[in-house]
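Keep in mind it's a predicted model, so treat the numbers as computed, not measured. Numbered from 1 within each chain, the chains take letters A, B, ... in sequence-line order.
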Amino acid sequence: MIPTARTQPPGTFEILHEDAHTGARTGVLWTAHGPIETPIFMPVGTQATVKAIDPRELHEMNAQIILGNTYHLMLRPGMDIMATCGGLHRFMGWDKPILTDSGGFQVFSLAGLRKIKRDGVSFQSHIDGARFFMGPKESMEVQRILGSDIAMAFDECIPWPCDEAYATNAVHQTLRWARRCLEEPHAEGQLLFGIVQGGEFTELREYCAKELVAMGFDGYAVGGVSVGEPEPALLKGIADGVRHLPWNKPRYVMGLGDLWQMTQAVSLGADMFDCVIPTRNARNGSAFTRSGPYPVKAGEFKSDTRPIEEGCTCPCCSRVSRAYIRHLLNVGEILGVRLLTLHNLHCYLTFMQEMREAINADYFAQWKEEQTRRLRPDGIRARGA
RNA sequence: GGUGGGCUUCCGGAGCGGUCAAACGGGGCAGACUGUAAAUCUGCUGGCUCACGCCUUCUUUGGUUCGAAUCCAAGGCCCACCA
């Protein structure tokens, strides 16, 4: 699958194939814990675990890289324990690549519990209310101790809607902090990605992207999308950000998303994605399929003997029925949540695998059309199809 | 056979003369979820209109009262203890 004969140094990004009709491309990004194939979906494992899933199972479903979170791990278990336990990989028993988010998203999601200052953000812990400070320096220090393969710059993720003055200010803040992150020491072989902000303002996105590129990061992310805006605005934000990023560096769209949105983003030239949706929504009872999501806990699946998704080869679908999963979810059995999470991740991962194959074999545009027909048939979501 | 307690909307269970279609919990149903404060959260849950409103309900029957799920009488069933 990966054509390179020998191991490449961390940060090497080999572009394998470019689509003739869109911005899509396949590639391999090398990290200190091995290569990842792009376009890729990265399961989210905020608190040193992809919720409900064992790393062994992640291996089995061919997950190549997962996320961890600076903010959460700093609070619990804390960096002294992380250091004693030898970093995040050793701690959680996962030896493939890890990307850590910087805590920038918590500036957005914990808006009621923090105050933004010039050098960083003073947070009040969502756990016990304890006050602490996190800025670019602190975030990088934590990410260094965690020993992630890819660290993210500490940024200010803004909400939607957001006025231009506020967004401009957040971009300046993000750039100032990005510069600071670059100056901080990294872990051995650790890559650092900068994050493009700018909200819905095209010129701001452009400015932010160009400034970051001038600083020289190992990769670039588009942040501040999928924060509640309507889909067209989301896609525009991605396009505005990706457009100005260097061709030869990986491009990561943060927080995406939905299968269809990812195909659109890849088409615009994006390479990496992460999203809590397949895992969180599994816990909340919805199944993702190649024909869209549906609520397995709905009464209509009470005695449905079909698997969650027909034709799926995941450990859930190859053994049990919708009726069984619905029953487990209904009575609150932990296995229900586990099996459905397994399925949803499998669905996302195989979707990306197929997408890479389509790009490599030069039929991405056609494949994308097919997916659109299945995932967005007149805007109506399929229900257990 | 005796004495006492009880029967409330799918279930459990408040209510003890009007402010009661009836608290609350469960269950059921529906919806939400996009760098995880989320195995979470929201709404609905007698009928008709689904707004206002109207209609039929709180074991049964009869009664007291301007007015009863709430008071009285009798019947039915259940529970406890004593025989």
Side-chain angles (χ1 to χ4, degrees), chain A residues 41-53 65-73 75-76 99-114 123-129 139 143 148 150-158 160 193 195-197 221-231 233-235 237-238 241 252-262 264-265 270 272-286 288 293-295 297-302 325-326 328-341 344 348 381 383:
Chain A
F41 176 77
M42 309 182 281
V44 179
T46 304
Q47 313 204 71
T49 167
V50 173
K51 291 186 194 295
I53 304 300
I65 174 172
I66 61 172
L67 260 66
N69 191 294
T70 301
Y71 169 91
H72 299 261
L73 295 171
L75 288 180
R76 288 188 304 195
L99 179 150
T100 43
D101 187 29
S102 61
F105 185 69
Q106 278 61 48
V107 176
F108 159 74
S109 67
L110 267 35
L113 294 171
R114 85 332 185 225
F123 282 97
Q124 198 162 359
S125 159
H126 69 281
I127 302 158
D128 63 4
S139 177
Q143 294 187 78
S148 56
I150 303 173
M152 299 303 298
F154 188 68
D155 64 326
E156 181 184 350
C157 181
I158 59 172
W160 188 92
F193 282 23
I195 305 174
V196 179
Q197 290 292 342
V222 175
V225 292
S226 59
V227 287
E229 73 279 31
E231 197 166 68
L234 182 157
L235 295 173
I238 295 170
Y252 164 27
V253 177
M254 307 186 82
L256 229 61
D258 144 311
L259 297 179
W260 184 77
Q261 290 168 0
M262 289 194 292
Q264 299 306 111
M272 302 162 70
F273 306 94
D274 78 282
C275 192
V276 303
I277 260 192
T279 46
R280 178 193 289 169
N281 288 24
R283 273 176 276 122
N284 295 339
S286 43
F288 285 87
Y294 71 94
K297 60 181 176 182
E300 65 181 285
F301 303 110
K302 215 173 300 191
I325 297 298
R326 180 182 183 277
L328 293 180
L329 294 173
N330 222 256
V331 296
E333 282 294 342
I334 198 165
L335 184 61
V337 151
R338 275 187 28 73
L339 289 173
L340 195 53
T341 303
N344 283 355
Y348 266 60
R381 289 178 168 184
R383 212 167 153 88

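Every side chain to side chain donor-acceptor pair (under 3.5 Å) that A:Gln197 has, sequence neighbours left out, goes to A:Asp155. By the ring-ring contact (aromatic ring centres under 6.0 Å, His included) test, A:Phe108 is found to be paired with A:Phe105, residues two or more places apart in sequence or in another chain being considered. Under the ring-ring contact (aromatic ring centres under 6.0 Å, His included) criterion, A:Tyr252 pairs with no residue at all, not counting sequence neighbours. Annotation: side chain to side chain donor-acceptor pair (under 3.5 Å) contacts of A:Glu229 (sequence neighbours excluded): none. By the ring-ring contact (aromatic ring centres under 6.0 Å, His included) test, A:Tyr348 is found to be paired with A:Phe41, A:Phe288, residues two or more places apart in sequence or in another chain being considered.
Look at B:rC48: its Watson-Crick or wobble partner, with both distances under 3.5 angstrom, is B:rG53. Checking B:rU34 for Watson-Crick or G-U wobble geometry (two distances, each under 3.5 Å) identifies no partner in any strand. Across all strands shown, B:rA14 forms no Watson-Crick or G-U wobble pair with both key distances under 3.5 Å. Judged by Watson-Crick or G-U wobble contacts below 3.5 Å, the nucleotide B:rA80 has B:rU3 as its partner. In this structure, B:rA21 makes no Watson-Crick or G-U wobble pair, since no nucleotide meets both defining distances under 3.5 angstrom.
For the P atom pair drawn from B:rA14 and B:rU9, the interatomic distance equals 13 Å after rounding to whole Å. B:rG62 sits 15 Å from B:rG76 when the C1' atoms are compared, rounded to a whole Å. Taking the P atom of each, B:rG17 and B:rC72 are spaced 11 Å apart, rounded to whole Å. When the P atom is compared between B:rU40 and B:rG46, the two are found 25 Å apart, to the nearest whole Å. For B:rA22 and B:rA68, the C1' atoms lie 13 Å apart once the distance is rounded to whole Å. On the C1' atoms, B:rC10 is 10 Å away from B:rU45, given to the nearest whole Å. Spacing of C1' atoms, B:rG47 relative to B:rA21, comes out at 11 Å, to the nearest Å. Atom P of B:rC71 sits at a distance of 13 Å from the matching atom of B:rG5, rounded to the whole Å.
Nearest heavy atoms, A:Met262 versus A:Leu256: SD-O, 4.1 Å.
As judged by a 4.0 angstrom heavy-atom cut-off over every strand, A:Thr279 is placed among the base-contacting residues. Using a 4.0 Å heavy-atom distance criterion, A:Gly299 is classed as a sugar-phosphate-only contact. Nucleic acid contact class of A:Glu231 (heavy atoms, under 4.0 Å, all strands): none. Base engagement by A:Asn281 is indicated by at least one non-hydrogen atom pair under 4.0 Å involving a base atom. Across all strands shown, A:Asn330 has heavy atoms under 4.0 Å from sugar-phosphate atoms exclusively, and none from any base. Looking at heavy-atom distances under 4.0 Å, A:Ser125 makes no contact with the nucleic acid at all. If you check every strand for non-hydrogen atoms under 4.0 Å, A:Asp155 touches a base. As judged by a 4.0 angstrom heavy-atom cut-off over every strand, A:Ile195 is placed among the base-contacting residues.
Between the CZ atom of A:Phe108 and the P atom of B:rG35 there is a distance of 9 Å, given to the nearest Å. The distance from atom CD of A:Glu229 to atom P of B:rG35 is 11 Å, rounded to the nearest whole Å. Atom OH of A:Tyr71 is separated from atom P of B:rA37 by 8 Å (rounded to the nearest Å). What separates CG of A:Asp258 from P of B:rG35 is a distance of 12 Å, to the nearest Å. Atom CE in A:Met262 sits about 14 Å away from atom C1' in B:rG35, given to the nearest Å. Taking atom CZ of A:Phe301 as the reference point, atom P of B:rA30 lies 9 Å away to the nearest angstrom. When the P atom of B:rC33 is taken as reference, atom CZ of A:Phe105 falls 13 Å away, rounded to whole Å. Regarding A:Ile238, its CD1 atom lies at a distance of 10 Å from the C1' atom of B:rU34, rounded to whole Å.
Here the OG atom belonging to A:Ser226 is positioned 11.0 Å from the CZ atom belonging to A:Phe273, to the nearest 0.5 angstrom.
Side-chain to base pairing of A:Gln106 with B:rU36: no donor and acceptor N or O lie closer than 3.5 Å to each other. One cannot find a donor-acceptor pair under 3.5 Å joining the base of B:rU36 and the side-chain atoms of A:Ser109.
Proximity of a side-chain donor or acceptor of A:Arg326 to a complementary backbone N or O of A:Lys297 within less than 3.5 Å is detected.
The side chain of A:Arg326 approaches B:rC29 more closely than any other nucleotide in the set B:rC29, B:rU36, B:rC33. In the set B:rG35, B:rA30, B:rG31, the nucleotide with an atom closest to the side chain of A:Ala298 is B:rA30. Closest to the side chain of A:Ser286, from the set B:rU34, B:rC33, B:rG31, is B:rC33.
No side-chain donor-acceptor contact under 3.5 Å links A:Gln143 and A:Ser148. A side-chain donor from one of A:Ser125 and A:Asp128 sits under 3.5 Å from a side-chain acceptor of the other.
Screening residues 330-341 of chain A for salt bridge (charged side-chain N to carboxylate O under 4.0 Å, His left out) gives A:Glu57-A:Arg338 as the qualifying pairs, with residues at least two apart or on separate chains. Residue pairs that meet the salt bridge (charged side-chain N to carboxylate O under 4.0 Å, His left out) test with at least one member in residues 43-53 of chain A, sequence neighbours left out, do not exist here.
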**Prompt:** Does the pair A:Gln106 and A:Asp101 meet the rule for a side-chain contact (heavy atoms from CB on, under 4.5 Å), with working shown?
**Reply:** CA-CA 10 Å; A:Gln106 278 61 48; A:Asp101 187 29; 4.3 Å; yes

Expected rows: protein N/O vs nucleotides 38-41 of chain B N/O, under 3.5 Å:
from: B:rA38; atom 1: O2'; to: A:Arg283; atom 2: NH1; distance (Å): 3.2
from: B:rA38; atom 1: N7; to: A:Arg280; atom 2: NH2; distance (Å): 2.9
from: B:rA39; atom 1: OP2; to: A:Arg283; atom 2: NH1; distance (Å): 2.2
from: B:rU40; atom 1: N3; to: A:Asn284; atom 2: OD1; distance (Å): 3.4

Protein-nucleotides 42-46 of chain B N/O pairs closer than 3.5 Å?
none

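Residue A:Thr46 has a polar side-chain atom (N or O) positioned under 4.0 Å from OP1 or OP2 of B:rU36.
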